[in-house]
Amino acid sequence: MTAGVRQEPREATRPRTPRRTRLPALLALLVGLAGIGYRLALLLADAPPTNSDEATMGLAALHIARGEGFPVWFYGQAYMGTLEAYLAAPLVALAGPSVLVLRLPTLALYALFLALSWRLTRRLGGDRWFALLVVGFLALGSDRVIKNQLIAGGGYPELNPAGAALALLTVSLCAGVPGARLPRRTAAPGAAAAGTAASGAAARLPRWAGWGLVSGLLLWADPLILPFVLALGAVLAGCRRRELIGRAGAVLAAGLLLGAAPMLLDSLRHGRDPLAAVLTASGADAAATWGERLYGGLVLGPPLGMGFCSPGRCAGWQLWWAPAFVVLLLLAAIAAWRALRRPLPPADLGRFPFAANDNFPRSGDAPAGATERRVSAAVRLALLAGAAAVLAAYTASSAAGRTPVESARYLSVLAIATPALLWPLWTAARRAGLWPSPHQRDEAPGSDRPGHRHLDEPEPVNTGAAGRMRTRAAGVVAVAVLAGMLGTGAVATADAIGGVPATHAEADRHRALVDTLGALGVRHVRAGYWTCNRLTFASSEDVRCAVVDDELRPGFDRLPAYRRAVDADPDAAWVAPAGSPLAARLDARLGPGPGTLRMVEVPGWRIYLPRR
C-alpha cells in the first residue's frame with residue numbers, strides 16, 4: 001500500500017524560517033528579573049513599612065490556616081475581599097506568621113503582572129522592543145508603587161495582574177489564538193465551515209469561563225477595577241455577541257458567579273451592600289472643594305499613582321507627568337478609534353465567507369490581519385476608557401482633595417493601561433525611524449511565526465521635506481517623553497531605596513518590642529490603632545490588643561473579641577510609640593503607688609504596666 005510513496009526529508013516539508021533576534025526578549029527577561037529581585041530585596045529588608053491594616057489581613061490568613069474562620073471581608077467592614085489572606089494562608093500554616101510570608105504571594109502576583117504585560121503588549125501589536133519598554137517601565141518602583149504592589153493590605157496587589165489577564169482573554173476570545181491551524185481535510189466546504197466554527201466555539205469555552213471567574217474574583221476583591229471590567233466586557237460583547245447568547249454566555253455567567261460567590265452569599269445572608277459600603281468609605285459624603293479635588297486628582301494623582309514621585313511627596317518638577325498623562329490618554333484614544341474605524345481593504349472583502357444573507361461577514365470570519373488590527377484597537381480603547389473612568393471617579397471623590405498623597409493608591413490600576421497609553425510614543429518613534437526595528441520586519445505580533453507584518457506598523461510614505469521634518473520632530477518628542485518617564489521613575493525608585501535603612505531599623509525596634517512583651521509575660525495590652533493588630537499578628541496572637549485613642553478612650557477594634565479579652569484582664573498593659581501623644585498622656589499616670597503605672601522602655605516604644 002505504500003509502494004510509490006516517496007519519503008520527503010523533514011527540510012522539504014518544513015521550510016526553514018529566518019532566524020529572529022532574541023535580544024529584546026532576553027533583555028526583557030533580565031529587566032523583569034531585576035524588578036522582581038529589587039522587590040525581593042526590599043522584602044528581606046522589611047520594606048515597604050508594614051501597618052495594622054496589613055496585619056489585619058495577616059490575622060485573617062492566620063485564622064484560615066488554623067481553620068478558626070474563613071472571613072469573606074476585611075475584618076471590621078463589609079467590602080474588600082480577603083483573597084490575599086487565602087493566598088497567604090498555606091504559607092502561614094507552613095512557616096508561621098510574618099510580614100515576609102504574607103508578602104510572598106504579592107511578589108508572585110507582581111511577577112505575573114510583568115509576564116502578562118509583555119504578552120498583552122505583543123498581542124496588541126507591539127514588537128518586542130516596545131514590550132521591553134513596557135516591562136522596563138513597570139520594573140521601576142517608587143514608594144507608592146511598591147506599597148501598592150507588595151503590601152498585603154487588601155485590594156491592590158491582585159488588581160493589575162487580573163486586569164491584564166482580562167485584557168489578554170478579551171484579545172484571545174475576539175481574535176483567536178495566534179498560530180491556530182485549519183483542518184487539512186474536509187468533506188464539503190459548507191460542512192467544513194460549520195465544523196470549524198463549532199470546534200472554535202467549543203475550544204473557547206475555557207477562556208469564557210476564565211473571563212467570568214477573573215471578573216468575579218475582582219469584583220469581590222475590590223470593585224475599583226469595575227471600569228476596566230465593563231469596558232473590556234463591552235468589547236467582548238461587541239465581537240462575540242452571538243456566542244454570548246448560547247453556551248459561551250452560560251459558561252461566562254457561571255464563572256462570574258463562582259468568582260463572586262463569597263460576596264454574593266454574604267450579601268444574601270446578611271443583607272449587606274458592598275457597593276454602598278465602598279462609596280461611604282471613599283469619602284463621598286465628606287467635604288472637599290472642587291479645587292482641592294481637581295488638584296489632588298489631576299495634578300498629584302497620575303504622578304503619584306504611576307510612580308513618578310518621591311516617598312510621601314511630589315516635587316514640582318515631578319509633576320510634569322500630570323499634563324503629559326492627559327495628553328497621552330487623548331492621543332492614544334484618538335489613535336485607537338481611528339484604527340478601529342479604518343475600513344477593511346477592498347481586496348480582502350472577497351476572500352472570506354459571508355453569512356447566510358450574503359451581505360455581512362460572520363463575527364470572526366474577517367481576514368486575520370484585519371481582525372487582529374480591529375481587536376487590538378478595540379482593546380486599547382477599552383483600556384484607555386477604563387483608565388479615564390478610574391481617574392474621573394477618583395477626582396470626583398473627596399479623598400482626592402482631603403488625602404491626595406495616601407489616596408493615590410486608588411490609581412494603581414492605571415498601570416494596566418500602560419501598553420495602550422504608550423502606543424502613540426511608540427508609533428511616533430517608529431515612523432521617525434528612531435525606534436529599534438526587529439531583525440525580521442515580517443514577524444507577527446504576539447507570535448513566533450514569520451510572514452505577517454506588525455499590526456498598525458507605520459508604513460513608509462512619500463512626503464515632502466516639511467512632512468519629513470514634522471515626522472522627525474514628533475519622533476524626537478516621543479523619545480524625549482519616554483526618556484523622561486524612565487528617568488523620573490528611576491529617580492523616584494532611588495529615593496524609595498534611600499528610605500530602606502530607616503524602615504529596617506523601625507522593624508527591628510518593633511521585633512524588640514514583641515520580644516520584650518513576651519519576656520514580661522504580657523498577654524493583653526491597649527494601644528493605638530496603628531499599633532494594635534500589627535502587634536497581635538507579629539506575636540501570633542500571643543499578645544492581644546484593644547484600640548484606644550490619644551485620650552485613652554476605646555477606639556475602633558476590627559476584631560471585637562480582642563477587646564473582650566483585654567477588658568477581662570486587670571493586668572493589661574499599655575503600649576505607645578515614644579514621643580507620641582498617647583505616651584505623653586500615659587506618662588502623667590506614672591507613679592510609685594497602687595493604681596499608677598510603671599514604664600519599661602524599649603527603643604522607640606514604651607510599655608506601661610499597672611502597679612498592684
Side-chain angles (χ1 to χ4, degrees), residues 46 48-63 71 73-80 82 84-85 97 99 102 147-148 151-156 277-278 280-283 286 312 398-399 402-403 405-407 409-410 503 506-507 509-514 516-517 522-569 572-587 589 597 602 604-608:
D46 301 304
T50 187
N51 54 49
S52 272
D53 281 347
E54 184 175 29
T56 301
M57 189 66 75
L59 290 169
L62 182 63
H63 297 159
W73 303 115
F74 196 79
Y75 285 134
Q77 58 193 46
Y79 65 96
M80 193 181 295
T82 49
E84 293 164 21
V99 175
L102 190 60
K147 288 178 178 177
N148 294 337
I151 292 179
Y156 300 106
V278 170
T280 300
S282 68
S398 290
R402 293 185 298 114
T403 56
V405 173
E406 184 59 30
S407 298
R409 65 185 186 274
Y410 298 132
T503 301
E506 192 279 331
R509 292 193 292 270
H510 191 269
R511 282 187 282 266
L513 169 66
V514 175
T516 303
L517 289 172
V522 175
R523 293 293 176 264
H524 300 96
V525 302
R526 294 180 176 89
Y529 176 84
W530 295 110
T531 300
C532 260
N533 281 0
R534 182 185 177 189
L535 187 58
T536 303
F537 176 66
S539 67
S540 189
E541 289 191 309
D542 288 340
V543 177
R544 301 197 173 197
C545 183
V547 177
V548 294
D549 62 14
D550 292 340
E551 302 298 323
L552 308 185
R553 296 171 300 195
F556 174 51
D557 292 290
R558 290 193 174 273
L559 289 99
Y562 291 166
R563 174 165 296 280
R564 293 193 292 269
V566 172
D567 289 343
D569 184 0
W574 302 77
V575 173
S580 65
L582 178 58
R585 177 56 65 101
L586 291 169
D587 284 344
R589 298 179 58 180
L597 301 174
V602 180
W605 296 92
R606 290 185 173 184
I607 302 171
Y608 299 86

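For the numbers below, each heavy atom of this structure counts, side chains included, while hydrogens, waters and symmetry mates do not. Just so it is clear, the structure is predicted and the values come from calculations on it, not from any experiment.
Arg558 and Tyr75 get closest at one heavy-atom pair: NH1-O, 2.6 Å. Looking at every heavy atom in both residues, Val514 comes nearest to Ala538 through CG2-CB, 3.9 Å. Between Val575 and Leu582, the shortest heavy-atom contact is O-CD2, 3.8 Å. Residues Val522 and Ala573 come closest through the heavy atom pair CG1-CB, 4.0 Å. When all heavy atoms are compared, the tightest approach of Ala546 to Val566 is N-CG2, 3.8 Å. The shortest non-hydrogen separation linking Met57 to Ala152 is CB-O, 3.1 Å.
Here the side chains of Arg523 and Leu517 are not in contact, with every heavy-atom distance at 4.5 Å or above. Taking the side chain as every heavy atom from C-beta outward, Arg589 and Trp574 approach each other to under 4.5 Å. Side chains of Glu541 and Tyr562 form a contact here, defined as non-hydrogen atoms less than 4.5 Å apart. Between Arg534 and His510, the closest side-chain pair of non-hydrogen atoms falls below 4.5 Å. Between Arg585 and Leu552, the closest side-chain pair of non-hydrogen atoms falls below 4.5 Å. With a 4.5 Å cut-off on side-chain heavy atoms, Thr516 and Trp605 do not count as touching. You'll find the side chain of Pro97 stays beyond 4.5 Å of the side chain of Leu102, heavy atoms only.
Ring geometry, Tyr529 versus Phe556: the interplanar angle falls under 30°, so the pair is classed parallel (tilted spans 30 to 60°).
A salt bridge links Asp567 with Arg526: at least one charged nitrogen is closer than 4.0 Å to a carboxylate oxygen. Salt-bridge check for Asp557 with Arg564: failed, with every basic side-chain N at 4.0 Å or more from each acidic carboxylate O. At a threshold of 4.0 Å, the pair Arg544-Asp569 does not count as salt-bridged, since none of the basic side-chain nitrogens sits closer than that to a carboxylate oxygen.
If you take CD1 on Ile607 and CG on Leu586, they are separated by 12.5 Å, rounding to the nearest 0.5 Å. With rounding to the nearest 0.5 Å, the separation of OH in Tyr156 from CZ in Arg409 is 4.0 Å. Distance check, rounded to the nearest 0.5 Å: CD1 of Ile151 to CG of Asp53 gives 9.5 Å.
Side-chain polar atoms of Thr503 and Asp46 form no donor-acceptor pair below 3.5 angstrom.
Side chain of Glu551 to main chain of Arg553: no donor-acceptor pair is present (N/O by atom type, distance under 3.5 Å, no hydrogens or angles).
The ring-ring contact (aromatic ring centres under 6.0 Å, His included) check on Tyr608 picks up nothing, with sequence neighbours excluded. For Val99, the side-chain contact (heavy atoms from CB on, under 4.5 Å) test picks out Thr50, Glu54, Arg103, with sequence neighbours left out.
Results of the side-chain contact (heavy atoms from CB on, under 4.5 Å) test with Ser52 over Thr531, Thr536, Leu59, Asn533 single out Asn533 as the only residue that passes.
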